[in-house]
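Below: one structure, written as C-alpha cells.
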Amino acid sequence: MVKIDQEKCIGCGSCSAVCEKVFEIGDDMKARVKKGQEKSKLPCVKEAIDICTVQAIKA
Ligand code: SF4
C-alpha cells in the first residue's frame, strides 16, 4: 500500500511532479494518494519515495 505520512509532508509537490498518476496535492496542501492508486506498482512510486526530502512516503 502506498501511504503518505501527513504529519511529515511539507507539501513541496515533488511526488506529484514525478508521479502524477499516483500522487496529488490536496486542498490542505498535503500530498495524498489518488483514489484507486493505493496499490500502484508504478516505478515512479519509488522515484517519489526517493525524492521526498522528509521521507513521508511509504510503499
Ligand atoms: S514529496 Fe514528500 S513532502 Fe513533498 S509533497 Fe510529496 S509527500 Fe509531501
Side-chain angles (χ1 to χ4, degrees):
M1 294 287 280
V2 186
K3 284 188 182 167
I4 296 169
D5 185 332
Q6 301 277 320
E7 298 289 317
K8 288 185 183 173
C9 177
I10 55 170
C12 70
S14 297
C15 54
S16 58
V18 298
C19 199
E20 64 178 357
K21 283 195 173 156
V22 177
F23 302 100
E24 64 187 357
I25 304 296
D27 294 339
D28 58 356
M29 299 309 288
K30 301 277 184 177
R32 62 188 180 204
V33 178
K34 287 186 174 178
K35 277 201 171 50
Q37 293 296 322
E38 296 84 358
K39 293 179 180 171
S40 175
K41 301 282 186 211
L42 286 178
C44 66
V45 171
K46 171 80 166 52
E47 268 182 70
I49 289 170
D50 290 345
I51 211 171
C52 178
T53 56
V54 294
Q55 287 84 49
I57 308 170
K58 299 271 184 284

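This one's a predicted model, so the numbers in the text were calculated from it and none came from an experiment. Remember, it's 1-based here, ligands and their atoms both numbered in the order they're listed.
Counting only residues at least two apart or in different chains, salt bridge (Lys or Arg N to Asp or Glu O under 4.0 Å) contacts with residues 10-20 are absent.
For ligand 1, the atoms closer than 4.0 angstrom to any heavy atom of Val54 are 3 (S).
In Lys46, the NZ atom is not crowded: 12 or fewer heavy atoms of neighbouring residues, nucleotides or ligands sit closer than 6.0 Å.
Note that CG of Asp27 is 6.0 Å distant from CZ of Arg32, once rounded to the nearest 0.5 Å. In this structure, the separation between SG on Cys44 and CD1 on Ile51 is 11.0 Å, given to the nearest 0.5 Å.
Under the 2.5 Å cut-off for SG-SG separation, Cys12 and Cys52 do not qualify: their sulfur atoms lie farther apart than that.
In terms of heavy atoms, Gln37 sits closest to Val22 at OE1-CG2, 3.7 Å.
Around atom 6 (Fe) of ligand 1, protein N, O or S atoms at less than 2.8 Å comprise Cys15 SG.
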